[in-house]
Amino acid sequence: MASVNALALDLLFRTARTHNGWQDKPVDDALLMQAFDLAKMGATSANMQPMRIVFVKSEAAKEKLKPALDKSNIEKTMSAPVVAIIGMDIHFYNELPRFFPHADAKAWFKDLPEPALEVLALRNSSLQGGYFMLAARALGLDCGPMSGFNNKMVDELFFAGTTVKSNFICNVGYGDSSKLFSRSPRPEFNEFCRIE
Ligand SMILES: Cc1cc2nc3c(=O)[nH]c(=O)nc-3n(C[C@H](O)[C@H](O)[C@H](O)COP(=O)(O)O)c2cc1C
């Protein structure tokens with residue numbers, strides 16, 4: 001049974017941090033593409049792949065995003081080389097004939113009420129957003145996920161006229177470790193888990 005080495009575990013989990021400050025170092029588009037190509041391999045219900053990402057990179061796109069950010073998130077977001085808006089297509093079922101071709105999975109979802117579709121899209125795009133962060137970290141990038149923004153405004157600014165809604169946003173770049181808080185505590189296995 002194969003497993004990754006200690007360096008990979010450090011990079012992905014043990015030394016990976018949520019970054020608040022960024023080095024003045026650009027991120028190649030090729031790396032963002034590689035991160036997506038890894039993240040898309042992660043499991044989703046019926047392979048529904050609801051995640052849609054807008055990579056906000058230009059100054060103009062960042063200025064567009066700025067008014068939707070909570071005050072405390074503005075500085076770190078505007079200084080990040082890239083902001084990934086992790087969106088979710090509530091009508092993900094339209095792609096199921098392509099993504100789940102061995103069954104009529106579209107029929108399982110297409111008549112569900114919107115709130116039920118939104119729960120499914122939120123669950124699966126959140127998983128995919130997590131896969132994306134791990135993929136980015138595996139490629140040597142740092143991440144700074146945030147939910148402190150106005151979702152409705154981001155939807156209007158970036159997803160108008162579509163069935164895509166924003167889930168969370170994630171700064172991406174090369175972190176400035178001098179701007180980190182000290183690591184917050186984590187629970188022990190026995191506190192939060194049990195084996196039955
Ligand atoms: C979904 C999500 C939303 C978050 N929202 C914010 C936010 O709006 N602003 C912020 O400064 N940090 C935000 N964080 C960062 C968390 O506080 C941080 O990931 C957590 O404290 C763990 O930090 P660590 O990865 O450095 O250990 C968010 C993290 C996640 C995963």
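Here the structure is a predicted model, which means the values were calculated and not measured. Start at 1 and go down the list; that is how both ligands and their atoms are numbered.
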*Hey, looking at atom 11 (O) of ligand 1, which of Met133, Met146, Lys76 has the closest heavy atom?*
Lys76
*Nearest protein heavy atom to atom 26 (O) of ligand 1, by residue and atom, and its distance?*
Arg17 NE, 2.7 Å
*Is Arg137 reaching over with its side chain to a backbone N or O of Arg17, donor-acceptor style, under 3.5 angstrom?*
yes
*atom 31 (C) of ligand 1 - nearest protein heavy atom and its distance*: Pro145 CG, 3.7 Å
*Indicate yes or no for a side-chain donor-acceptor contact from Asn20 to the backbone of Leu180 under 3.5 Å, with no hydrogens or angles considered.*
no
_Around atom CZ of Arg194, are there more than 12 heavy atoms from other residues, nucleotides or ligands closer than 6.0 Å?_
no
*Under-4.0 Å heavy-atom contact with ligand 1, by part of Asn73 that carries it*: side chain
*So is Ala16 polar-close to ligand 1, meaning N/O to N/O under 3.5 Å?*
no
*Please write down residue, atom name and distance for the protein heavy atom closest to atom 5 (N) of ligand 1.*
Ser147 N, 2.9 Å
*Indicate whether atom 1 (C) of ligand 1 is within a distance of less than 4.0 angstrom of some protein heavy atom.*
no
*About how many Å separate CZ of Phe92 and CG of Leu120, when rounded to the nearest 0.5 Å?*
4.5 Å
*Specify whether the nearest protein heavy atom to atom 9 (N) of ligand 1 is under 4.0 angstrom away.*
yes
_Keeping Ser125 on the side-chain end and Pro50 on the backbone end, is there a donor-acceptor pair under 3.5 Å?_
no
*Name the closest protein heavy atom to atom 27 (O) of ligand 1, giving the residue it belongs to and the distance to 0.1 Å.*
Arg183 NH1, 2.6 Å
*For Lys165 and Ile90, indicate whether the former's side chain and the latter's backbone hold a donor-acceptor pair under 3.5 Å.*
no
_Residue Thr18 vicinity, atoms of ligand 1 by number, heavy atom under 4.0 Å_ = 15 (C), 18 (C), 19 (O), 22 (C), 23 (O), 24 (P), 25 (O), 26 (O)
*Output yes when the distance from some N or O of ligand 1 to some N or O of Ser184 is under 3.5 Å, and no in every other case.*
no
*Give a yes or no on whether the backbone of Ala80 and the side-chain of Lys62 come within a donor-acceptor separation of less than 3.5 Å.*
yes
*Could you list which atoms of ligand 1 come closer than 4.0 Å to a heavy atom of Arg186?*
22 (C), 24 (P), 25 (O), 27 (O)
_Heteroatom proximity flag, Asn20 to ligand 1, N/O under 3.5 Å_ = no
*Mark the output for His19 as yes if a heavy-atom distance to ligand 1 is under 4.0 Å, and as no if none is.*
no
_With Met48, the side chain to side chain contact (heavy atoms under 4.5 Å, CB included) member among Tyr93, Phe99, Phe109_ = Phe109
*Is the closest side-chain donor-acceptor distance between Thr15 and Asp10 under 3.5 Å?*
no
*asked:* Checking contacts now, so for atom 21 (O) of ligand 1, which I'm interested in, is there any protein heavy atom under 4.0 Å?
replied: no
*Does a side-chain heavy-atom distance below 4.5 Å link Phe158 with Val56?*
yes
